[in-house]
Amino acid sequence: MEKLIKLSTWCSVIMFIIRCALSWQVILLNVSLYDLFCYAGEAIGIAVIFTALYEKWLWRINPFDKTPKLYKQYTGTLKSNYDNIEYSAKLNIKQSMLSVHVTLITGESSSNSITASIDSIFGEDQLIYCYLNTPKSEFRNRSEIHYGTAIFSLTDPLHLTGQYYTDRKTSGDMSFFAKE
């Protein structure tokens, strides 16, 4: 967030300077406080639009931004300690510079993140999220609606590995590969 605020502020200042430079003759002949406020408003408006575009998409192409860039879709497996069966799953990720939303879909249920973040823990980037899992009604006799937490290692954005833990006192391992 701090990086985005600095970017927005610098963008506003630069746009204001450019706007004043384009109107230097008007400023020299008739200095008007009203005109300067109008120029500042224009600069702030452009900076807001640029900042919104940057936060949503442009940060992905910035080589200096160290935020891990995740793919939109992954396929893989998860294995629970409850039944020791390996299940196929899809992982969908919606990511912007400041937010992450994760959806995990199996043949029996789907999970949606309630909160999610990318954090550096002991020098390793990790995707950590809490979720609500909603099984299909036909499986609820053995798999009730539940909350959980998942943690993925982001050392390789093409291959996410991690674990999950649920409020049903179950846990498991997950492995996903990006669909490019």
Side-chain angles (χ1 to χ4, degrees), residues 1-5 7-8 48-180:
M1 184 65 146
E2 187 178 320
K3 289 190 302 187
L4 197 61
I5 291 170
L7 176 72
S8 181
V48 165
I49 292 168
F50 175 76
T51 302
L53 292 172
Y54 187 85
E55 193 278 331
K56 192 78 171 165
W57 297 290
L58 297 177
W59 68 276
R60 286 184 169 275
I61 60 173
N62 180 353
F64 302 109
D65 195 314
K66 300 302 179 206
T67 305
K69 291 142 182 92
L70 303 176
Y71 291 84
K72 290 182 180 182
Q73 293 185 328
Y74 292 83
T75 57
T77 59
L78 59 94
K79 187 174 184 178
S80 172
N81 69 354
Y82 173 73
D83 57 11
N84 250 1
I85 296 174
E86 193 168 87
Y87 295 93
S88 294
K90 292 181 197 171
L91 190 68
N92 297 321
I93 298 176
K94 291 181 183 175
Q95 181 186 21
S96 69
M97 183 180 172
L98 298 177
S99 68
V100 182
H101 180 81
V102 181
T103 302
L104 186 135
I105 302 168
T106 70
E108 294 186 3
S109 67
S110 64
S111 300
N112 284 294
S113 61
I114 298 167
T115 63
S117 65
I118 296 174
D119 297 305
S120 181
I121 299 174
F122 301 118
E124 179 186 6
D125 288 329
Q126 296 184 350
L127 170 61
I128 303 167
Y129 67 97
C130 295
Y131 62 86
L132 175 65
N133 180 276
T134 309
K136 293 178 181 176
S137 59
E138 65 187 281
F139 300 107
R140 289 202 188 145
N141 62 336
R142 65 175 171 79
S143 180
E144 61 201 42
I145 296 173
H146 60 277
Y147 293 97
T149 300
I151 302 170
F152 283 106
S153 170
L154 300 180
T155 53
D156 179 7
L158 288 171
H159 181 214
L160 305 182
T161 58
Q163 298 82 40
Y164 69 90
Y165 313 89
T166 73
D167 64 353
R168 300 182 305 172
K169 297 182 177 41
T170 59
S171 62
D173 295 311
M174 301 180 289
S175 179
F176 288 91
F177 292 92
K179 290 176 78 175
E180 294 187 63

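Only heavy atoms go into these numbers, but all of them, side chains included; no hydrogens, no water, no symmetry mates. Sequence positions, counted from 1, serve as the residue numbers for this chain.
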**Q** Do I93 and L160 make a side-chain contact, defined as non-hydrogen atoms from C-beta onward lying under 4.5 Å apart?
**A**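 Yes; the side chains approach each other to less than 4.5 Å.
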
**Q** Could you report the tightest heavy-atom contact between S171 and Y165, atom names first, then the distance?
**A**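 Closest heavy-atom pair between S171 and Y165: CB-CD2, 3.8 Å.
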
**Q** Can you tell me if S153 and E124 form a side-chain donor-acceptor pair at under 3.5 Å?
**A**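 On atom types as modelled, these side chains qualify, holding a pair under 3.5 Å.
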
**Q** Counting C-beta onward and ignoring hydrogens, is there a side-chain heavy-atom pair between I121 and I151 closer than 4.5 Å?
**A**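 Not in contact.
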
**Q** Is the ring pair Y131/Y129 parallel, tilted or perpendicular, if the boundaries are 30 and 60 degrees?
**A**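 Y131 and Y129: tilted rings.
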
**Q** Quick one: do D119 and D125 satisfy side-chain contact (heavy atoms from CB on, under 4.5 Å)? Show the steps, please.
**A** CA-CA 6 Å; D119 297 305; D125 288 329; over 6 Å; no

**Q** Find the distance between OG1 (T166) and OH (Y82) and round it off to the nearest 0.5 Å.
**A**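 Between T166 OG1 and Y82 OH, I get 11.0 Å after rounding to 0.5 Å.
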
**Q** If I take atom CG from residue L78 and atom OG1 from residue T106, how far apart are they, to the nearest 0.5 angstrom?
**A**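 Taking CG in L78 and OG1 in T106, the distance rounds to 6.5 Å.
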
**Q** Please name the pair of heavy atoms, one in E108 and one in R142, separated by the smallest distance, quoted to 0.1 Å.
**A**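 It is OE2-NH2, 2.6 Å.
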
**Q** A quick test of your reading: do over 12 heavy atoms of other residues, nucleotides or ligands sit less than 6.0 Å from NZ of K72?
**A**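 Result for NZ/K72: open.
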
**Q** Got F152 and M174 here, is their nearest side-chain heavy-atom distance under 4.5 Å?
**A**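 They are in side-chain contact.
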
**Q** What's the shortest heavy-atom distance between T77 and F176, and which atoms?
**A**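 Looks like O-CE1, 4.2 Å.
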
**Q** Quick check: does any side chain N or O of K179 sit under 3.5 Å from a backbone N or O of Y71, one acting as donor and the other as acceptor?
**A**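 The answer is no, because no donor-acceptor pair under 3.5 Å joins these two groups.
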
**Q** Under a 3.5 Å cutoff, is there a donor and acceptor pairing between the side chains of H101 and S113?
**A**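 Per modelled atom types, H101 and S113 side chains form a pair under 3.5 Å.
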
**Q** Which heavy atom in Q95 sits nearest to a heavy atom in R60, and how many Å separate them?
**A**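 So the two residues come closest at OE1-NH2, 3.2 Å.
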
**Q** To check you understand the geometry: which heavy-atom pair defines the closest contact between H159 and S175, and what is its length?
**A**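 Taking H159 first and S175 second, the nearest heavy atoms are NE2-OG, 2.9 Å.
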
**Q** Among L154, V102, L91, which one satisfies side chain to side chain contact (heavy atoms under 4.5 Å, CB included) with L70?
**A**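 Output: one option passes, namely L154.
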
**Q** Within the 3.5 Å criterion, strictly below it, is a donor on T103 or N92 matched to an acceptor on the partner's side chain?
**A**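 The criterion, which ignores hydrogens and geometry beyond distance, is not satisfied for N92 and T103.
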
**Q** Taking side chain as C-beta onward, heavy atoms only, is N133 less than 4.5 Å from H146?
**A**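 Contact flag for N133/H146 side chains = yes.
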
**Q** May I ask you to test the R140-I145 pair for a side-chain heavy-atom distance under 4.5 Å?
**A**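 R140 vs I145: side chains touch.
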
**Q** Classify the side-chain pair S143/R168 by whether it contains a donor and acceptor separated by less than 3.5 Å.
**A**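 There is such a pair (donor and acceptor under 3.5 Å, judged by atom type) between the side chains of S143 and R168.
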
**Q** With sequence neighbours left out, what residues match L4 under side chain to side chain contact (heavy atoms under 4.5 Å, CB included)?
**A**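 Result, side chain to side chain contact (heavy atoms under 4.5 Å, CB included) vs L4: L7, T51, Y54, E55, M97, L98.
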
**Q** Just how far is it from atom OG of S109 to atom CZ of F139, taken to the nearest 0.5 Å?
**A**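 Interatomic distance, S109 OG to F139 CZ, rounded to 0.5 Å: 9.0 Å.
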
**Q** Identify the heavy atoms of D173 and Y164 that sit nearest to each other, and give their distance.
**A**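 Between these two residues, the closest heavy atoms are N-CE2, 4.2 Å.
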
**Q** How many angstroms lie between CG in D167 and OH in Y147, if you round to the nearest 0.5 Å?
**A**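 Reported to 0.5 Å precision, the distance equals 8.0 Å.
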
**Q** Please check if the side chain of S80 supplies one atom and the backbone of N84 the other of a donor-acceptor pair under 3.5 Å.
**A**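 Checked: no pair found.
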
**Q** Got a sec, which residues hit side chain to side chain contact (heavy atoms under 4.5 Å, CB included) with I61, two or more places apart in sequence or on another chain?
**A**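 I61 satisfies side chain to side chain contact (heavy atoms under 4.5 Å, CB included) with L58 once adjacent residues are dropped.
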
